[in-house]
Amino acid sequence: MDTALRPASGGDLTYRDATPADVDALVALIESAYRGDASRAGWTTEADLLEGQRTDPQGVAAVIESTTSRLLAVERDGELVACCQLEHRDDHAYFGMFAVSPALQGAGLGKEIIAEAERTAHATWGVPEMHMTVISAREDLIAWYERRGYRRTGKMTPFPYGDERFGIPQRADLQFELLVKELG
């Protein structure tokens, strides 16, 4: 995979493939965007829905080491500010592990990063669609993705209750909804 830094169209962000040396920083970034009190500084927090961890070093390392995935590390002035996973799955790409530093949320970085992720997936694998799953209770987040061209499919998968690698649910009604966007 290409590990060279690529400047974003906006100019102040750079994208590169994450390496094993990035694992601890990536885990800290992902956790800060979704779990615990630190995540409440941004709008992507899941702290009211889930406690415990969002990911772990093994999960992040597995994405980095996979031959079908890329974990893009996004930097500004040499500092890790965001990340996202792209995975080639048959006739589509999967978008996941998206995190923007809570202190920088709401400034338009997410829009720029997801656009670069879509461009990268389409250019790398030639896939016509990007898929993602979002906790269906996250109406604000789903609406954000809809404004970026994703559509709700109504296809639900159950939350993995009892598997604390994905967090400790605070509600009994959690499930994931598949969102899809046509690329290119």
Side-chain angles (χ1 to χ4, degrees), residues 8-10 15 29-35 39-55 59-60 63 66 68-72 74 82-102 104-184:
S9 58
Y15 299 84
L29 171 68
I30 294 164
E31 293 297 316
S32 76
Y34 291 97
R35 302 290 163 80
S39 70
R40 295 182 192 282
W43 69 275
T44 61
T45 185
E46 296 171 343
D48 293 331
L49 300 174
L50 296 153
E51 292 182 354
Q53 70 181 31
R54 176 67 150 52
T55 191
V60 171
V63 172
S66 172
T68 60
S69 287
R70 298 177 75 171
L71 186 54
L72 296 182
V74 184
C83 67
C84 65
Q85 171 194 7
L86 299 173
E87 183 178 337
H88 187 203
R89 295 184 178 175
D90 301 320
D91 62 347
H92 67 274
Y94 178 80
F95 179 79
M97 224 176 267
F98 186 31
V100 174
S101 172
L104 300 174
Q105 291 178 16
L109 294 181
K111 283 190 280 193
E112 186 174 339
I113 293 164
I114 197 167
E116 175 66 12
E118 292 163 358
R119 187 205 65 73
T120 299
H122 188 66
T124 302
W125 299 306
V127 292
E129 290 183 338
M130 183 83 84
H131 292 196
M132 72 173 74
T133 55
V134 178
I135 295 174
S136 62
R138 295 293 319 274
E139 292 291 338
D140 56 341
L141 186 57
I142 291 171
W144 187 87
Y145 284 121
E146 287 179 309
R147 290 191 299 275
R148 314 269 110 36
Y150 287 82
R151 65 177 169 76
R152 298 180 86 155
T153 65
K155 295 179 183 173
M156 303 292 181
T157 54
F159 186 86
Y161 284 91
D163 188 343
E164 290 188 8
R165 291 178 302 158
F166 301 100
I168 303 166
Q170 300 303 294
R171 295 171 42 166
D173 64 343
L174 299 181
Q175 58 185 347
F176 295 102
E177 182 170 0
L178 175 66
L179 305 182
V180 175
K181 181 178 181 178
E182 304 294 324
L183 301 177

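Quick caveat: nothing in here was measured; it's all calculated off a predicted structure.
Evaluation of the salt bridge (Lys or Arg N to Asp or Glu O under 4.0 Å) rule for R151 yields no partner, not counting sequence neighbours. Remark: E46 pairs with R35, R54 by the salt bridge (Lys or Arg N to Asp or Glu O under 4.0 Å) rule, at least two apart or across chains. Partners of F166 under the ring pair (Phe, Tyr, Trp, His ring centres under 6.0 Å) rule, at least two apart in sequence or in another chain, do not exist in this structure. Every residue meeting the salt bridge (Lys or Arg N to Asp or Glu O under 4.0 Å) condition with D48, not counting sequence neighbours, appears here in chain and number order: R40. In this structure A143 satisfies the side chain to side chain contact (heavy atoms under 4.5 Å, CB included) test together with E146, R147, sequence neighbours excluded. Residues passing the ring pair (Phe, Tyr, Trp, His ring centres under 6.0 Å) test with Y94, sequence neighbours excluded: none.
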Exercise for review: Run the numbers on R89 and E129 for salt bridge (charged side-chain N to carboxylate O under 4.0 Å, His left out), then give the verdict.
Suggested key: CA-CA 10 Å; R89 295 184 178 175; E129 290 183 338; over 6 Å; no
**Study point:** F176/V134 under side chain to side chain contact (heavy atoms under 4.5 Å, CB included): CA gap, chis, key distance, verdict
**Key:** CA-CA 5 Å; F176 295 102; V134 178; over 6 Å; no
Review point. Are L141 and W43 close enough, and set up right, to give a side chain to side chain contact (heavy atoms under 4.5 Å, CB included), and what steps lead you there?
Key: CA-CA 9 Å; L141 186 57; W43 69 275; 3.6 Å; yes
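There is no side-chain donor-acceptor pair under 3.5 Å between R70 and T120.
With hydrogens and angles disregarded, a donor-acceptor distance shorter than 3.5 Å links the side chain of Q170 to the backbone of I168. H88 places no side-chain N or O within 3.5 Å of a backbone atom of A93 that could act as its donor or acceptor partner. Side-chain atoms of E87 do not come within 3.5 Å of backbone N or O of S69 as any donor-acceptor pair. Of the possible polar contacts, one joining the Y161 side chain to the L174 backbone as a donor-acceptor pair under 3.5 Å is found.
Atom-to-atom distance recorded for L179:CG and R148:CZ is 13.0 Å, nearest 0.5 angstrom.
Under the 30°/60° scheme for interplanar angles, the aromatic rings of F98 and Y145 are found to be tilted.
For the pair V60/M97, a side-chain contact is recorded, criterion being any heavy-atom separation below 4.5 Å from C-beta on.
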